[in-house]
Amino acid sequence: MTQGQPAARPGTAGGAAWRQLRLEQVTRRFGSSDALADLDLTIERGEFIALLGPSGCGKSTALNCLAGLLPLSRGSIWRDDTRLDTLPAERRGFGMVFQNYALFPHMSVRGNVAFGLKMQRRPRAEVARRTDEAIRLVRLEEHAGKLPGQLSGGQQQRVAIARAVVLEPSLVLMDEPLSNLDAMLRLEMRTEIRRLHQSLGLTTVYVTHDQEEALSMSDRLVVLRNGRVQQIGTPEQVHTQPANRHVAGFMGYRNILPMRAVAGNVVEGDGLRLTGTAVGTVSSGDSVEVAIRPEDVHLGHGIPVTVGVVEYQGREVAAEVHTAGGVRLHLRTGKGLRPGDQAEVALDPDRLLIFPIVPEDA
Ligand code: ATP
């Protein structure tokens with residue numbers, strides 16, 4: 001929908017060059033509650049950004065504000081020096097892919113992909129060329145003449161993606177585009193979307209509640225909770241240095257234990273005394289929560305435990321164990337464990353994160 005702009009060269013999607021898209025204090029209220037509050041985010045051209053968080057955290061609200069489908073209650077959106085939030089959706093030049101693909105059922109794959117270009121009244125030869133190119137990119141050449149109803153879910157999703165990218169949008173917005181697909185197809189499409197992003201030089205904002213999807217696809221993640229940003233960082237930063245206990249919980253730190261600090265890096269509770277790494281300021285006597293991933297709880301010399309539930313997971317088992325003081329821990333190990341076994345576990349102090357409990361954060 002980049003009306004009046006010249007067609008972009010491959011790898012320069014988005015027509016005229018731009019550098020940054022900025023969201024400043026973007027806020028959207030529904031009644032008396034903020035579905036999204038004060039979102040500040042600068043997206044560099046070419047980035048793949050994932051908006052991640054649990055259901056109801058404001059991901060779709062953020063995407064819809066960006067798309068122009070929801071007016072902002074406060075804040076502004078900029079593409080370099082051009083203010084976008086005051087423009088209607090169709091003049092922002094964004095492409096959208098949603099979970100219900102919303103394809104035209106009576107049009108062939110080719111018709112669906114060509115539709116936007118025809119609406120832009122592009123010359124017939126250009127429509128044909130760009131449509132063919134987009135269909136080739138999503139590898140649907142053999143299905144170009146079929147109707148959406150004759151395609152699998154994954155193929156329909158690829159049509160939806162082709163329909164968006166054929167317009168060479170300055171930004172592609174995707175809202176849980178893979179949620180209707182089975183596990184195998186989701187994996188395949190992840191790679192496909194990332195490949196398209198790279199080969200077309202797209203800038204992508206991708207909403208998901210699946211942290212694995214977000215970690216594997218994005219350059220940076222924005223983790224939301226209750227409409228507020230919890231952390232913005234690379235997958236590695238968010239994964240290894242979660243900013244708070246909510247992000248930790250969301251990023252697979254399955255063991256989260258309430259304890260009391262006896263020094264900056266030492267905590268006690270339920271008969272355990274553990275050494276970890278404080279995230280933020282922790283003083284002796286503070287109530288804290290410690291977080292550690294199952295894969296960082298190792299069998300070895302340390303805390304005596306009794307093995308409870310054991311789940312087979314291919315190369316490894318996931319086990320729940322408990323200490324004499326009643327603390328339950330989840331661990332993963334390649335060693336065989338059976339319910340009722342006695343074992344000892346050690347927790348890696350570098351990987352055991354100690355979070356202060358912040359009142360407004362509760
Ligand atoms: P999900 O993963 O379940 O789609 P989400 O993170 O995308 O969730 P949003 O759809 O952005 O969450 O919703 C954020 C909050 O705003 C929720 O509490 C939701 O109930 C509320 N909300 C969203 N749309 C409206 C609306 N039109 N009217 C009132 N409240 C709304």
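Just so you know, ligand 1 is whichever comes first in the structure, and atom 1 is the first atom listed for that ligand.
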Point to revise | Polar side chain donor-acceptor pair, N244 to Q230, under 3.5 angstrom | key: yes

Exercise for review: Would you mind checking which non-hydrogen protein atom is closest to atom 10 (O) of ligand 1, with the distance to 0.1 Å?
Suggested key: S60 CB, 3.8 Å

Review point. Where do G46 and D219 come nearest, in terms of heavy atoms and distance?
Key: O-OD2, 4.0 Å

Exercise for review: Please determine if R293 forms a cation-pi arrangement with Y253, meaning its NZ or CZ atom is less than 6.0 Å from the six-membered ring centre and no more than 45° off the ring axis.
Suggested key: yes

Check your understanding: In the protein, what heavy atom is nearest to atom 11 (O) of ligand 1, and what distance, to one decimal place, separates them?
Key -> T61 OG1, 2.5 Å

Practice item. Ignoring hydrogens and angles, state whether a donor on the side chain of Y206 or E213 is under 3.5 Å from an acceptor on the partner side chain. Key: yes

Review point. Counting each atom of ligand 1 from 1 as listed, which ones have a heavy atom of P54 under 4.0 Å away?
Key: 6 (O)

Practice item. Determine whether the side chains of S76 and R83 contain a donor N or O and an acceptor N or O closer than 3.5 Å. Key: no

**Study point:** Donor-acceptor under 3.5 Å (R158 side chain, M189 main chain)
**Key:** no

Study note, to complete from the structure: protein heavy-atom neighbour closest to atom 16 (O) of ligand 1 works out as A35 CB, 3.2 Å

Check your understanding: What do you think, any protein heavy atom under 4.0 angstrom from atom 20 (O) of ligand 1?
Key -> no

Practice item. Please state whether S33 comes within less than 4.0 angstrom of ligand 1, counting heavy atoms only. Key: no

**Study point:** G58-ligand 1 polar pair, N/O distance under 3.5 Å
**Key:** yes

Study note, to complete from the structure: Among non-hydrogen protein atoms, atom 3 (O) of ligand 1 lies closest to S55 OG, 2.6 Å

Exercise for review: Evaluate whether atom NE2 of H106 has more than 12 neighbouring non-hydrogen atoms of other residues, nucleotides or ligands under 6.0 angstrom away.
Suggested key: yes

Review point. What's the shortest distance from atom 14 (C) of ligand 1 to any protein heavy atom, and which residue and atom give it?
Key: G56 O, 3.4 Å

Point to revise | Protein contact to atom 31 (C) of ligand 1 [nearest heavy atom, distance to 0.1 Å] | key: F30 CD1, 3.3 Å

Practice item. Return the option from R225, H209, K59 holding the heavy atom at the smallest distance from atom 2 (O) of ligand 1. Key: K59

Review point. With no hydrogens and no angle check, do the side chains of D175 and S60 hold a donor and an acceptor under 3.5 Å apart?
Key: yes

Review point. Does G53 have a heavy atom less than 4.0 Å from any atom of ligand 1?
Key: no

